[in-house]
Amino acid sequence: MIVEFHRFKTSDGVQLRGWFSDADGQLVIVHIHGMSGNGYENRFLDNQRQLYNQAGIAFFTFDNRGSGIINHFPGDNGTKLGGSCFEIFEESTHDIQGAIDFMKSKGKSKFILQGHSLGASKVVNFLQDKREEVQAAILLAPTDMAGWAKTDPRHQEYLDKAEQLNAAGKGEELVGAQCWLDKTPLSAQTYPTIAGDGAVDMYAPRDGGSLLSKVDRPMIIIYG
């Protein structure tokens, strides 16, 4: 099995890197990693890469702009500050679309999106729009980010501070150097997007049902 390293651009011009295992046919599984993760570190990816290829399915993993804790990505408009400390959840649609477009350049036309942890929320958000080329979705241990954030007794304090800093044009300042139980540094521009009641909260009741229930593609949800 051959694993190719590639650099590609998102739909808004940010350069990312990925790992591609090709197979005959038009179908490819595109994997979106979780918070602070990357496209190669989780060992289950090694097994999946092999199993998918044995089944004749191509597999593409990549570092999205939320990879690592603090990260930098070159782009058409200069360097993009990223990592889990600085990513903006809604921008993940550009990363996923960029990965799909890159796979199209490799001759693929059918796509299954696979998201792990926070990556599952990104897949659900992406599929709120009609995406004809996406055949199905796989959610691996999807997390309840909004619910997790609310376990921190300082959650509302962080939200209020983020609102004040963002209003003052200081989105890259931290709302706290040790947020949540795992002591994660999070910026003001990031906190509301991954811990609030917006697009990241795929479980909350809404008009017409939760965001998760609005995905109109076949979907399997797997918890370990």
Side-chain angles (χ1 to χ4, degrees), residues 1-8 10 15-69 71 73 82-84 87 89 92-127 131 133-145 147-148 181-182 184 194 200 202-203 212 215 217-224:
M1 179 179 62
I2 297 175
V3 181
E4 301 173 347
F5 173 76
H6 292 281
R7 300 185 191 276
F8 68 98
T10 67
Q15 187 183 98
L16 302 178
R17 56 254 175 182
W19 295 264
F20 180 45
S21 301
D22 201 0
D24 293 337
Q26 300 298 306
L27 180 62
V28 59
I29 292 178
V30 177
H31 177 79
I32 296 90
H33 66 73
M35 184 174 179
S36 306
N38 53 55
Y40 57 88
E41 186 174 7
N42 291 120
R43 299 230 174 170
F44 67 79
L45 294 177
D46 300 339
N47 296 330
Q48 288 191 331
R49 193 178 300 278
Q50 183 175 13
L51 289 170
Y52 288 145
N53 274 196
Q54 288 174 350
I57 302 171
F59 191 48
F60 184 55
T61 68
F62 66 98
D63 289 355
N64 63 55
R65 69 187 73 192
S67 65
I69 296 175
N71 216 329
F73 303 91
S84 62
E87 73 168 317
F89 178 82
S92 62
T93 58
H94 296 298
D95 298 348
I96 298 173
Q97 188 61 57
I100 288 175
D101 291 342
F102 180 66
M103 285 293 96
K104 287 179 179 178
S105 76
K106 292 294 184 178
K108 304 304 175 184
S109 60
K110 298 180 180 179
F111 302 88
I112 295 175
L113 297 182
Q114 175 177 283
H116 174 227
S117 191
L118 178 60
S121 303
K122 293 178 178 180
V123 168
V124 169
N125 179 56
F126 185 80
L127 291 177
R131 310 282 184 175
E133 65 266 73
V134 178
Q135 309 298 302
I138 302 170
L139 308 186
L140 303 178
T143 186
D144 183 354
M145 294 300 294
W148 168 254
L181 299 177
D182 58 354
T184 302
I194 67 166
V200 72
M202 64 182 186
Y203 298 109
L212 181 63
V215 175
R217 296 290 186 274
M219 179 167 52
I220 183 170
I221 302 174
I222 301 172
Y223 284 98

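Starting from 1, each residue takes its place in the sequence as its number. A quick note: this is a predicted structure, and the numbers were derived from the prediction, not measured.
- Applying the salt bridge (charged side-chain N to carboxylate O under 4.0 Å, His left out) test to every pair with at least one member in residues 25-34, sequence neighbours left out, gives no pairs at all.
- For F62 and F8, the ring centers sit closer than 6.0 Å to each other.
- Judged purely by atom type and a 3.5 angstrom limit, D95 uses its side chain to pair as donor or acceptor with the backbone of R65.
- Aromatic ring pairs are classed by plane angle as parallel below 30°, tilted from 30° to 60° and perpendicular above 60°; the pair H31 and H116 is parallel.
- Looking only at distances, a side-chain donor or acceptor of Y223 sits under 3.5 Å from a matching main-chain atom of P142.
- Annotation: the span from Q135 atom CD to I29 atom CD1 amounts to 11.5 Å, rounded to 0.5 Å.
- Around atom CG of N47, more than 12 heavy atoms belonging to other residues, nucleotides or ligands sit under 6.0 Å away.
- For the pair H6/S105, no side-chain contact is recorded, criterion being any heavy-atom separation below 4.5 Å from C-beta on.
- In this structure a side-chain-to-backbone donor-acceptor pair under 3.5 Å is present from R131 to F126.
- Between F60 and F102, the distance separating the two ring centers is shorter than 6.0 angstrom.
- Proximity of T61 to R49: side-chain heavy atoms (C-beta onward) are separated by under 4.5 Å at one or more points.
- Across every non-hydrogen atom of L16 and F73, the tightest pair is CD2-CD2, 3.7 Å.
- Under the 3.5 Å distance criterion, the side-chain polar atoms of E41 are left unmatched by any main-chain donor or acceptor of G39.
- Within the model, atoms CD1 of I194 and OG1 of T184 stand 8.0 Å from one another, a figure rounded to the nearest 0.5 Å.
- Here M202 contributes atom CE and T143 contributes atom OG1; the two are 8.0 Å apart, rounded to the nearest 0.5 Å.
- Crowding of L212 atom CG: a count of heavy atoms from other residues, nucleotides or ligands under 6.0 Å exceeding 12.
- Separation of atoms CD1 (I222) and CD1 (I220) is listed at 4.0 Å; rounding is to 0.5 Å.
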Begin with the C-alpha distance, continue with both residues' side-chain angles, and end with the deciding distance and a verdict on side chain to side chain donor-acceptor pair (under 3.5 Å) for D101 and Q97. CA-CA 6 Å; D101 291 342; Q97 188 61 57; 3.0 Å; yes
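- One N or O on the side chain of N38 and one on the backbone of Y40 form a donor-acceptor pair closer than 3.5 Å.
- The OG atom of S84 lies 9.5 Å from the CG atom of L118; values are rounded to the nearest 0.5 Å.
- Considering only heavy atoms from C-beta on, N125 stays 4.5 Å or farther from V200 through its side chain.
- Listed here is the closest heavy atom pair of S21 and N53: CB-OD1, 3.3 Å.
- You'll find the side chain of I96 stays beyond 4.5 Å of the side chain of V30, heavy atoms only.
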When you look at M103 and I100, which way does the side-chain contact (heavy atoms from CB on, under 4.5 Å) test go after all the steps? CA-CA 5 Å; M103 285 293 96; I100 288 175; 5.7 Å; no
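- When all heavy atoms are compared, the tightest approach of N64 to H33 is N-NE2, 3.1 Å.
- F59 meets the ring pair (Phe, Tyr, Trp, His ring centres under 6.0 Å) test with Y52; sequence neighbours excluded.
- With sequence neighbours excluded, the residues satisfying ring pair (Phe, Tyr, Trp, His ring centres under 6.0 Å) with F5 are W19.
- Pairing each heavy atom of V124 with each of V215, the nearest pair is CG1-CG2, 4.0 Å.
- Around atom CZ of R7, no more than 12 heavy atoms belonging to other residues, nucleotides or ligands sit under 6.0 Å away.
- When every heavy atom of V123 is checked against every heavy atom of A137, the shortest pair comes out as CG1-CB, 4.0 Å.
- The NZ atom of K108 sits 4.0 Å away from atom CG of D22, with the distance rounded to the nearest 0.5 Å.
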